[in-house]
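Naming convention: chains lettered A, B, ... in sequence-line order (proteins, then strands); numbering from 1 in each chain. Bear in mind the structure is a predicted one, so any value in this text is a computation, not a measurement.
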There are 2 protein chains.
Amino acid sequence: MKVRLPMRDTPPPPFDLDAFLPYLLNQAAEASSHAFATIYRREYGMTRTQWRVMANLGKFGAMSATEICRISHLEKTMVSRAVSQLERDGHLSRAPSPDDKRREVLSLTTEGRAVFAELGARGMAFQAELAQMLGAARMAELEAALRVLIAQNRAPEGED
Amino acid sequence: MKVRLPMRDTPPPPFDLDAFLPYLLNQAAEASSHAFATIYRREYGMTRTQWRVMANLGKFGAMSATEICRISHLEKTMVSRAVSQLERDGHLSRAPSPDDKRREVLSLTTEGRAVFAELGARGMAFQAELAQMLGAARMAELEAALRVLIAQNRAPEGED
DNA sequence: TTGACATTGTTGCAATTGCAACCAATAACA
DNA sequence: TGTTATTGGTTGCAATTGCAACAATGTCAA
C-alpha cells in the first residue's frame, strides 16, 4: 500500500502540447479538411475563402459582402478578393443595391449554383464518412462540444 | 400517420456550412486558441510556430529541426525560421551534431526553459478553463474524438 | 574509390495575408 | 443645412507563407 512520504515538493506535471486542446483542435481541423479542400482546389480552382463565400451565398441567397463577413468571420479584405475572383470565374454576380449606393448585393449565378450543388453534395457525403469514423453518437457529442467552445471563446466582434 | 405520397423527387437537403465538421473544427480551433495565442504573442513576442517548436523542445529535450518537423507537422521552412528567431531571442541554442555535420541539435537555453515553464503552466491553466466549460466527461469525449479524426485523416507523410 | 541518390537545413521568389489608409456614400446631428 | 462620424468596399504595402532550388553532407552500390 502506498505511504505518504515527506517530500520537498511535487514536480509539476510537464506541459504536453500534444494534449493541449487548441492544438488538437487545430490538427483535427487540418487533417479533416484536407481531403475536401483538395476537391475544391483541384477540381474547381477555388480557395477556401472562395468556397466559404459560395457556401454562404448558396445557403442564404443574395447578400452583401459585409454580411458575409459577419456570418463567416472572414476579413473583409479576403472577402473582397474572393468575390472578385468568383465573379471573374462566373460563379457570382454583383448588383448595386438600389437603396444604398455603397452596397453591392451578391448572388450566385446559375453556374455558381450548379457548382454549389455539386460541392454541397460532395460535402455532405464527406461529412457522412467522418460520421462513420466516429459513430453517430460520438459525432453528435463532438458537434455539441465544438459549439460550446465556439460560443464561449469567440472574440467579441472585432477584438484584438 | 404519415402517408407516402407519390412525388417526382425529394428535394435534397441543402448543404449547411455551419454544420460542416471541418468548418466547425476550424472555428473551434481559432476561437479556443485565441486567448492563449495573445499571451505568447503579446507577452513573449512569439509566433505560433515558435511556441510549438519551444513546446516540443521543452517536452522532448534536445532534437534536430527535422525531428521537430515530423512531430509537429510544420513545414521545414517555418521551423528553420522559427529556430533562427528563437536563437536570436536567446531561447534556444544550436550545436553541430558530432556524427552528422548536416544536423544541428537544438535545445532550450536556461532562459528558454524558464519561458517554457511559465507558458506551460499558463497553458495548463488555460486548458483547465476549457475543461470547465465542457465538463470533464465531455472534455474526455472530445479529446478522444479529435484523436480519431487526426489518426484517420492525417495525410500520409508528405502527400498532396 | 567514384558516382548516383538521399537528407539536412537555408534561401530566392512568388503568392497570400492583413492592417491601415483610402474613396465614396450615408447617417447623425447641431 | 453644413459638418462630422460611420459604413461598405477596395487598394497599398509590408509581413508571412510555402514551394522549389540550393549547398553541404551522408549513404550505398558498382
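Checking A:Tyr44 against A:Glu118 by side-chain atom types alone, a donor-acceptor pair falls below 3.5 Å. Using a 3.5 Å distance cut-off with no hydrogens or angles, the side chains of B:Gln27 and A:His73 do not pair a donor with an acceptor.
Positionally, the nearest nucleotide of DNA chain D for A:Ala65 lies more toward the 5' end than for the other of A:Ala65 and A:Arg81. Nearer the 5' end of DNA chain C, as judged by each residue's closest nucleotide, is the contact made by B:Val83, out of B:Val83 and A:Asp99.
In this structure, A:Leu86 atom CG and D:dT10 atom P are separated by 12 Å, rounded to whole Å. Taking atom CG of residue B:Leu74 and atom C1' of nucleotide D:dC19, one finds them 16 Å apart after rounding to whole Å. Look at CZ on B:Arg102: it is 15 Å from C1' on D:dC22, rounded to the nearest Å. Across the protein-nucleic acid pair, A:Glu104 atom CD and D:dT7 atom P stand 19 Å apart, rounded to whole Å. For B:Lys76 and D:dC22, the NZ to P distance is 13 Å, given to the nearest whole Å. Rounded to an integer number of Å, the gap from CD of B:Glu67 to C1' of C:dT7 is 13 Å. In this structure, B:Arg70 places its CZ atom 10 Å from P of C:dT7, rounding to the nearest Å. The distance from atom CZ of B:Arg103 to atom C1' of C:dA6 is 15 Å, rounded to the nearest whole Å.
Between the side chain of B:Ser80 and the main chain of B:Lys76, no donor-acceptor pair closer than 3.5 Å is present.
Checking the phosphate oxygens (OP1, OP2) of D:dT11, no side-chain nitrogen or oxygen of A:Thr77 falls inside 4.0 Å. Side-chain nitrogen and oxygen atoms of A:Thr47 include none within less than 4.0 Å of the OP1 or OP2 phosphate oxygen of C:dT16. Dashed line: the shortest gap from a side-chain N or O of B:Arg94 to OP1 or OP2 of C:dT10 is under 4.0 Å. Put simply, B:Ser80 has a side-chain N or O that comes within less than 4.0 Å of OP1 or OP2 on C:dT10.
Counting non-hydrogen atoms under 4.0 angstrom, A:Ser97 reaches nothing in the nucleic acid.
Under a 4.0 Å N-O distance rule, the pair B:Glu143/B:Arg138 does not qualify as a salt bridge. A salt bridge links B:Glu67 and B:Arg103; the closest N-O separation between the charged side-chain nitrogens and carboxylate oxygens is under 4.0 Å.
Across C:dC19, D:dC19, D:dT25, the shortest atom-to-atom separation from the side chain of B:Asp100 is found for D:dT25.
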